[in-house]
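What follows is one structure encoded as structure tokens, with my remarks underneath.
These figures come from a predicted structure and were not determined experimentally. Throughout, protein chains are lettered first and strands after them, A, B, ... in sequence-line order, and every chain is numbered starting at 1.
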Protein chains: 2
Amino acid sequence: MPRESAAKIYEVATRLFGDQSYPATSMRDISQAVGILPGSLYSHISGKEALLFSIVESGVTKYLEAVAPVAESPEPADVRLRAAIAAHVTVVAENIQLTLVAFHQWKYLEDANRRRVIDMRNAYEDMFTRIVQDGIDTGVFTTTHDARFSVLAVLGMLNWVPEWFSPNGKASTEEVAEALADVVLSGLMSPVPAAKGRKPRSR
Amino acid sequence: MPRESAAKIYEVATRLFGDQSYPATSMRDISQAVGILPGSLYSHISGKEALLFSIVESGVTKYLEAVAPVAESPEPADVRLRAAIAAHVTVVAENIQLTLVAFHQWKYLEDANRRRVIDMRNAYEDMFTRIVQDGIDTGVFTTTHDARFSVLAVLGMLNWVPEWFSPNGKASTEEVAEALADVVLSGLMSPVPAAKGRKPRSR
DNA sequence: CCTACCGATCGGTAGG
DNA sequence: CCTACCGATCGGTAGG
């Protein structure tokens, strides 16, 4: 099973890139954590840049695949935005290290690869933009500001989650998602809507 | 005027650390941009780490000094939160590169210095926490969630601003601040309040 | 602020 | 996957 080694390299690199950043992680750091000698890494991967790119790409892809279906559902915009936020928070919760790399370390990619990541990130942002714009067009959202600002507010909020979310913390993924969605949808000053279509879980 | 050189080194390093990150910026990069030879840097600064620390510290201090007075004013919580967001956005707008370094590159500081920065950052977050908690306690904010989540949502939104804000963009600092504050205070679905105490600028 | 240099470490490779 | 190594670059310094 030759692929097992490559998989271990990806796992280790994801953790180290996330903890220490890409430029501060040496190939020797990775090889040591894997348990082989530095030169031996190159039997499994082509280089440091390619390693980073494949990690970032798989991370961003997870987000695209999780949010796309809910973003494109036929529900009203507020329901879709809430579902998109929940989907995003779920991916964060299940992939914190991968998310840290995908959201911060992609900047260290060289031109061609960085461009590809930027395109994917733009596609992700566009999903949120379409939801917000649709909400404004249909009158579900009554904000008077450009959709762009609301989207950037939401994305900032979401991009910050991996910095503080702990899977072992008091708050569950669902609670975090609901709290964040409420901030965006209702604001701090509006009564939280009585959680449409959701009721205390019955067993 | 011997301090002029040191000031130029700080300016150049702020730009390079912000653009390329701390570990990806070499002392040779800095010396070249300043127009001196690498070894000559050490006549003006003690080292790379100290250079980073002084930049980060001055950046975080700007935020503390700008937000502290409005956070501690006797106004109601919603007014204070709006003013704190506006103050924050103003500092971002006037110090984008410094902000990028202060918000992202501090992680590369060694233990003692990083600890000091974390303390300052916590003090900053606490200002927002006190506003939100006070708003909840006084009934100005009606959210049913823990203040912590609202604060993290706001900080995420604010921390993301330096990534997209352009001083040359269409939106003014004031418009950006108002849009972001409205997202947090009223949410997307509530009518934007008729901008208390603010009216179309008369000349 | 320059000359001249240090030891350490970097990503990566040839050959097995 | 190891042995053995490459040239390049790193942060920093002694002495002027």
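We find that A/E72 and A/R80 are not joined by a salt bridge, their nearest charged nitrogen and carboxylate oxygen being 4.0 Å or further apart. Taking the charged nitrogens against the carboxylate oxygens, B/R114 and B/D111 do have a contact shorter than 4.0 Å, which makes a salt bridge. Looking at B/D146 and A/K170, no side-chain N of the basic residue comes within less than 4.0 Å of a carboxylate O on the acidic one, giving no salt bridge. B/E75 and B/R82 are not joined by a salt bridge, as no carboxylate oxygen comes within less than 4.0 angstrom of a charged side-chain nitrogen.
Side chains of B/Q97 and B/T14: no donor on one and acceptor on the other come within 3.5 Å. For the residue pair B/T99 and B/Y63, a side-chain donor N or O sits within less than 3.5 Å of a side-chain acceptor on the partner.
At the phosphate of D/dC1, neither OP1 nor OP2 sits under 4.0 Å from any side-chain N or O atom of A/S43.
A heavy atom closer than 4.0 Å to some atom of DNA chain C occurs in no member of residues 9-18 of chain B.
Taking the six-membered ring for Trp, B/F17 and B/Y10 have ring centres at least 6.0 Å apart.
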Polar atoms only, N or O, under 3.5 Å: list the protein pairs with nucleotides 5-12 of chain C and their distances.
unit_1 : atom_1 : unit_2 : atom_2 : d
C/dC10 : OP1    : A/S26  : OG     : 3.4
C/dG11 : OP1    : A/T25  : O      : 3.4
C/dG11 : OP1    : A/K48  : NZ     : 2.9
C/dG11 : OP2    : A/M27  : N      : 2.8
C/dG11 : N7     : A/R28  : NH1    : 2.7
C/dG11 : O6     : A/R28  : NH2    : 3.0
C/dG12 : OP2    : A/Y42  : OH     : 3.0
C/dG12 : OP2    : A/K48  : N      : 2.9

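Separating the CD atom of B/Q32 from the C1' atom of C/dC2 is a distance of 16 Å, rounded to the nearest angstrom. What separates CD1 of B/I36 from P of C/dC2 is a distance of 6 Å, to the nearest Å. Atoms CG (B/L37) and P (C/dT3) sit 6 Å apart, rounded to a whole Å.
The base-pairing partner of C/dG16, taking Watson-Crick or G-U wobble contacts with both distances under 3.5 Å, is D/dC1. Searching all strands for a Watson-Crick or G-U wobble partner of D/dT9 with both distances below 3.5 Å returns C/dA8.
The side chain to side chain contact (heavy atoms under 4.5 Å, CB included) test with B/W106 is passed by exactly one of B/I118, B/V101, B/V60: B/I118.
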